[in-house]
Amino acid sequence: MTKETLQYVTEKTQELMQAFSCSQEAKEAARAWLDAVGTEKETEQTKAYLAELEEDIVTVDGLIGFAESEQGRAVFGEKAPEVAAHAKQIKAEGAKYCDCPACAAVEAILKKKADMLG
């Protein structure tokens, strides 16, 4: 991985870990990756980190479905229709993924996947 890619992914990883919408599993994978950078475990942790991120990122269609579900209404409360409408709007604008802070950071990191795997 180039120095530039490492710096970029490290910054995005910090953003991810600070995001209110970041799952505990993603935070743990991010911490494990950061701790492994520069060690013999870096390659193994990079693969595990990317796998976790690919599992966690929410598609815009997934967000729409969730926001319109009973479970989504339980999470978003009276904001659920707004979340669904927002998701439909960003989908119409070409978005493939949720644009919450965690998903945005994950999307940015995943764009560097090939560089990370070297």
Side-chain angles (χ1 to χ4, degrees):
M1 172 172 8
T2 67
K3 183 178 179 180
E4 292 78 18
T5 297
L6 177 59
Q7 181 178 352
Y8 179 83
V9 173
T10 298
E11 289 172 10
K12 292 300 177 183
T13 296
Q14 294 293 343
E15 288 177 23
L16 171 64
M17 293 171 67
Q18 294 171 15
F20 74 91
S21 50
C22 184
S23 72
Q24 187 61 38
E25 296 85 2
K27 283 182 185 179
E28 290 169 6
R31 173 55 43 211
W33 179 77
L34 287 170
D35 290 346
V37 169
T39 73
E40 70 280 350
K41 293 186 176 186
E42 182 175 344
T43 300
E44 173 187 336
Q45 285 300 323
T46 297
K47 290 176 184 176
Y49 183 39
L50 290 168
E52 180 64 36
L53 297 182
E54 288 173 336
E55 185 177 308
D56 282 8
I57 195 165
V58 177
T59 65
V60 71
D61 287 330
L63 177 59
I64 293 166
F66 181 70
E68 292 179 337
S69 73
E70 188 174 315
Q71 188 179 20
R73 286 188 292 279
V75 170
F76 297 122
E78 33 183 80
K79 297 269 187 199
E82 291 174 40
V83 172
H86 171 74
K88 289 175 183 177
Q89 177 185 348
I90 65 171
K91 179 180 180 178
E93 295 168 357
K96 293 181 181 178
Y97 299 104
C98 169
D99 65 346
C100 75
C103 287
V106 169
E107 183 177 13
I109 293 166
L110 290 176
K111 285 181 181 177
K112 299 292 184 178
K113 179 179 177 177
D115 295 337
M116 292 174 72
L117 295 173

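Side-chain atoms are counted along with the backbone in the values below, which use heavy atoms only and exclude waters and symmetry mates.
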[X] side chain to [Y] backbone, donor-acceptor under 3.5 Å:
X   : Y   : answer
R73 : E78 : no
E42 : G38 : yes
T13 : V9  : yes

Checking E107 against K112 for the salt bridge (Lys or Arg N to Asp or Glu O under 4.0 Å) test, could you report, in this order, the C-alpha distance in whole Å, the side-chain angles of both residues, the deciding distance, and whether it holds?
CA-CA 9 Å; E107 183 177 13; K112 299 292 184 178; over 6 Å; no
Provide the full list of ring pair (Phe, Tyr, Trp, His ring centres under 6.0 Å) pairs with a residue in residues 80-118, sequence neighbours left out, each pair given once.
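Sorted pair list comes back empty.
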Can you pull the ring pair (Phe, Tyr, Trp, His ring centres under 6.0 Å) pairs that have at least one residue in residues 41-74, sequence neighbours excluded?
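Only W33-Y49, F66-F76 qualify under ring pair (Phe, Tyr, Trp, His ring centres under 6.0 Å).
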Can you find a heavy atom in the side chain of [X] that is under 4.5 Å from one in the side chain of [Y]?
X   : Y    : answer
D56 : L53  : no
T43 : L117 : no
K91 : I64  : yes
L34 : M17  : yes
E54 : K113 : yes

Flag if over 12 foreign heavy atoms under 6.0 Å of CD, E93
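Atom CD in E93 is crowded, with more than 12 foreign heavy atoms closer than 6.0 Å.
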For atom CD of Q71, decide whether the heavy atoms of other residues, nucleotides or ligands shown that lie under 6.0 angstrom number more than 12.
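Atom CD in Q71 is not crowded, with 12 or fewer foreign heavy atoms closer than 6.0 Å.
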Test side-chain contact (heavy atoms from CB on, under 4.5 Å) applied to P81 - qualifying residues, sequence neighbours left out
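Once residues adjacent in sequence are excluded, P81 has no partner under the side-chain contact (heavy atoms from CB on, under 4.5 Å) criterion.
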Take L63 and V83, measure what side-chain contact (heavy atoms from CB on, under 4.5 Å) needs, and give me the verdict at the end.
CA-CA 8 Å; L63 177 59; V83 172; 3.9 Å; yes
Quick one: pull up [atom1] in [X] and [atom2] in [Y] and give me the separation to the nearest 0.5 Å.
X   : Y   : atom1 : atom2 : value
S23 : E52 : OG    : CD    : 5.5 Å
E82 : K79 : CD    : NZ    : 4.5 Å
Q18 : K27 : CD    : NZ    : 9.5 Å
C22 : L16 : SG    : CG    : 4.0 Å

List the steps, then state whether salt bridge (Lys or Arg N to Asp or Glu O under 4.0 Å) holds for E15 with K12.
CA-CA 5 Å; E15 288 177 23; K12 292 300 177 183; 3.4 Å; yes
Does E44 pair with K41 as a salt bridge, N-O distance under 4.0 Å?
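No, E44 and K41 are not salt-bridged.
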Step-by-step side-chain contact (heavy atoms from CB on, under 4.5 Å) determination, M116 to L50:
CA-CA 9 Å; M116 292 174 72; L50 290 168; 3.8 Å; yes
Begin from the C-alpha positions of D115 and M1 and carry the test side-chain contact (heavy atoms from CB on, under 4.5 Å) through to its verdict.
CA-CA 6 Å; D115 295 337; M1 172 172 8; 5.6 Å; no
Where I57 and C103 come nearest, the two heavy atoms and their spacing
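Taking I57 first and C103 second, the nearest heavy atoms are CD1-O, 3.8 Å.
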Between G72 and A80, which heavy-atom pair has the shortest distance, and what is it?
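In this case the closest contact between G72 and A80 is O-CB, 4.3 Å.
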Start with the C-alpha distance between V106 and I109, add both sets of side-chain angles, then the distance that settles side-chain contact (heavy atoms from CB on, under 4.5 Å), and finish with yes or no.
CA-CA 5 Å; V106 169; I109 293 166; 5.5 Å; no
